[in-house]
Trainee: 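Submitted below is the structure of interest, expressed as structure tokens.
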Amino acid sequence: MTVEELIKSSEGQLKAQFAIADEISEYNQEKVLKAFNKRSIALRHFNSTTGYGYGDEGRFVLGDVFADALGAEAGIVSPALLSGTHALTVGLFGVLRTGDGVLSVSGMPYDTIRGVIYGDGNGSLKDFGISFDCTELTADGKFDFSAVKADMARIGDKLKMIYIQRSRGYELRDAFTVAEIAEMCEFVRGLGFTGCIFVDNCYGEFVEKQEPCDVGADVAVGSLIKNPGGGLAPTGGYIVGTEKYVDLIGRRLTAPSIGNEVGSYAYGWRLFYQGLFMAPHTVNQAIKGSFLIGKCMENLGYENFPKLDKTPSDITRAIRFDTAEQLCAFIQSVQEASPIDSFVTLEAWDMPGYDSKVIMAAGCFVEGASIELSADAPVKPPYTAYFQGGLTYEHCKYALKKILEKLM
């Protein structure tokens, strides 16, 4: 079978999955458009501001539009939030105080946030006397409700936050569905928990019809160079949730006495608004690309996750290889099929925030943008590549052709 025949055959096997992805995209596009209409977005909202940014209508209303689109009461959208990890950090320090306890019910969080939690002498939660416990997942990567109940009882009254990481990170488990997050929210509330339910929503926005704040989460956080920036936002992050918690977090982003009243952006806000408008379609393109590469790799005998008989809950796909050489060759193939820096020969390096060497393909228009076609992997067993993004399905398909030419 040729590469072209494999791709065509795999596409034919994905008609049902593509139809579901299209339905979700249409639903979310309408939802985002209604958020724009509700806030009467006009050209003036794109205007740039400088200095303090007092009265910056574009910034204020952008937070409102994001909140509406993501099922929340209030929102902060800011280029001063430099990454998903930074947005999470600001959110955690905004809500938590010395002596508070956090319970991650989704196991150990992603590599780059661990130093924020457990670092010594670097200004971590630990340095500020905030404890952070983790409930391990079940063997099949699901919430362990009985263990969560026991851990909540053990931590007791100091427990002020339930933390959920939606995406898999560098694990083989599937991303948590919004329905699973809803079940956990209902479960901990049923046990009498009255604190903050905090969700790392990175890679999950607009993959399903609902978002975590629609189903009981108090705060959801993400990066604009992932899903909600639509491939257009040049930088930044968002934090949405209840007015109470968004106000507290705004006072940590700026200053306790100022909060969300300040913040300017001299380049204007158009790309943030337009990126959000494009996000449902862009995410749909990435999801279809993920399905196609998953089906082709499955047909060649490569194990990959999530399984193709279910609708994914984020844009990432994990693909298993036998050796480090195979893994790195796959990542390099993605780089070679990129519009930017296609000529670069990738090498694994000690990337800040990770406990092993990482190899990363990101030939992107926006540096490191995971919503653009990209792939990365820690170079350690089990040798697993994490593939995500794709601004257009056509680019995903082209990149897949280049990958398969090497593999076959």
Side-chain angles (χ1 to χ4, degrees), residues 27-49 52-81 84 87-88 90-91 94-95 196-199 201-202 204-206 209-230 232-254 258-283:
Y27 179 92
N28 285 327
Q29 187 67 74
E30 181 177 338
K31 180 170 64 175
V32 169
L33 182 58
K34 286 181 177 178
F36 274 70
N37 297 157
K38 176 182 177 181
R39 300 296 174 173
S40 300
I41 302 305
L43 289 176
R44 70 179 186 277
H45 292 107
F46 306 158
N47 292 341
S48 62
T49 54
Y52 297 127
Y54 290 138
D56 186 336
E57 190 177 4
R59 171 174 54 81
F60 282 124
V61 178
L62 183 59
D64 293 335
V65 174
F66 263 75
D68 293 339
L70 296 173
E73 293 177 2
I76 298 169
V77 181
S78 175
L81 295 169
L88 290 166
V90 172
V95 173
C196 178
I197 300 176
F198 186 104
V199 177
N201 202 30
C202 286
E205 300 91 350
F206 303 120
K209 292 181 178 180
Q210 289 185 301
E211 299 290 337
C213 289
D214 285 314
V215 297
D218 295 294
V219 176
V221 179
S223 166
L224 298 187
I225 64 171
K226 296 182 175 67
N227 303 20
L232 292 177
T235 187
Y238 76 87
I239 298 166
V240 297
T242 63
E243 290 184 2
K244 168 187 173 181
Y245 288 120
V246 170
D247 179 71
L248 285 172
I249 293 167
R251 295 178 186 281
R252 178 51 50 201
L253 174 63
T254 59
I258 298 173
N260 294 323
E261 295 301 319
V262 299
S264 64
Y265 194 57
Y267 302 101
W269 300 101
R270 178 181 65 82
L271 291 176
F272 299 95
Y273 281 98
Q274 193 172 5
L276 175 62
F277 179 76
M278 290 296 298
H281 173 73
T282 305
V283 169

Trainee: For Thr235 and Tyr265, what are the C-alpha separation, side-chain angles and deciding distance, and is it a side-chain contact (heavy atoms from CB on, under 4.5 Å)?
Mentor: CA-CA 11 Å; Thr235 187; Tyr265 194 57; 4.3 Å; yes
Trainee: Do Glu261 and Tyr52 get their side chains close enough for a donor-acceptor pair, meaning under 3.5 Å?
Mentor: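 No, because no side-chain N or O of Glu261 sits under 3.5 Å from a partner of the opposite role on Tyr52.
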Trainee: Looking at side-chain heavy atoms only, is the closest gap between Ile249 and Val90 below 4.5 Å?
Mentor: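 Ile249 reaches Val90 side chain to side chain.
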Trainee: Start with the C-alpha distance between Ser48 and Tyr267, add both sets of side-chain angles, then the distance that settles side-chain contact (heavy atoms from CB on, under 4.5 Å), and finish with yes or no.
Mentor: CA-CA 5 Å; Ser48 62; Tyr267 302 101; over 6 Å; no
Trainee: May I have the list of side-chain donor-acceptor pairs in residues 210-217 shorter than 3.5 Å, sequence neighbours left out?
Mentor:
unit_1 : atom_1 : unit_2 : atom_2 : d
Glu211 : OE1    : Asn201 : ND2    : 3.2
Glu211 : OE2    : Phe206 : N      : 2.8
Asp214 : OD2    : Glu211 : N      : 2.9

Trainee: Tell me whether Tyr273 contacts the main-chain N or O of Gly58 through its side chain, where contact means a donor paired with an acceptor under 3.5 Å.
Mentor: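 Yes; at least one donor-acceptor contact below 3.5 Å.
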Trainee: Under a 4.5 Å cut-off applied to non-hydrogen side-chain atoms, are Val65 and Phe36 in contact?
Mentor: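 When only atoms from C-beta onward are counted, Phe36 and Val65 do touch, with a gap below 4.5 Å.
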Trainee: State, with a plain yes or no, whether a side-chain heavy atom of Val246 is found less than 4.5 Å away from one of Val240.
Mentor: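 No, their side chains stay 4.5 Å or more apart.
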Trainee: Is the backbone N or O of Gly53 less than 3.5 Å from a side-chain atom of Arg59, with the two atoms forming a donor-acceptor pair by type?
Mentor: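 Confirmed, Arg59 side chain pairs with Gly53 backbone.
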Trainee: Using a strict 4.0 Å threshold on nitrogen-to-oxygen distance, state whether Glu57 and Arg44 make a salt bridge.
Mentor: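 Arg44 and Glu57: salt-bridged.
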Trainee: Is there a donor-acceptor contact under 3.5 Å linking the side chains of Asn28 and Lys31?
Mentor: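 Short answer, yes.
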Trainee: Is the side chain of His281 donor-acceptor paired with the backbone N or O of Met278 at a distance under 3.5 Å, no angle test?
Mentor: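 Looks like no, no N/O pair under 3.5 Å.
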Trainee: Taking CZ in Arg39 as the centre, count heavy atoms belonging to other residues, nucleotides or ligands within less than 6.0 Å. Is the count above 12?
Mentor: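 Result for CZ/Arg39: enclosed.
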Trainee: Looking at Thr254 and Gly259, would you say the former's side chain and the latter's main chain have a donor-acceptor pair under 3.5 Å?
Mentor: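 Yes, the answer is positive, given that a donor and an acceptor are paired below the 3.5 Å cut-off.
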Trainee: Backbone N or O of Phe277 within a donor-acceptor pair of the Gln29 side chain at under 3.5 Å?
Mentor: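 Confirmed, Gln29 side chain pairs with Phe277 backbone.
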Trainee: Do Tyr54 and Val262 have side chains that approach each other closer than 4.5 Å (heavy atoms only, starting at C-beta)?
Mentor: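 Touching, per the 4.5 Å side-chain cut-off.
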Trainee: Does the ring center of Phe272 lie less than 6.0 Å from the ring center of Phe46?
Mentor: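 Centroid distance Phe272-Phe46: not below 6.0 Å, so no.
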Trainee: Looking at side-chain heavy atoms only, is the closest gap between Leu224 and Tyr238 below 4.5 Å?
Mentor: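 Of all side-chain heavy-atom pairs linking Tyr238 with Leu224, at least one is under 4.5 Å.
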Trainee: Given the rule in the side-chain contact (heavy atoms from CB on, under 4.5 Å) test, do Leu253 and Leu81 qualify, once you have shown the distances and angles that lead to the verdict?
Mentor: CA-CA 8 Å; Leu253 174 63; Leu81 295 169; 3.7 Å; yes
Trainee: Any chance NZ of Lys209 has more than 12 other-residue heavy atoms, nucleotides or ligands included, within less than 6.0 Å?
Mentor: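 Result for NZ/Lys209: enclosed.
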Trainee: Rounded to the nearest 0.5 Å, what separation is found between the CH2 atom of Trp269 and the CG atom of Leu276?
Mentor: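 It comes to 13.5 Å.
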Trainee: Hey, does the side chain of Glu73 reach the backbone of Gly241 with a donor-acceptor pair shorter than 3.5 angstrom?
Mentor: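 Between the backbone of Gly241 and the side chain of Glu73 there is no qualifying donor-acceptor contact (under 3.5 Å).
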Trainee: Distance from Leu62 atom CG to Ser78 atom OG, nearest 0.5 Å?
Mentor: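 These two atoms lie 9.5 Å from each other.
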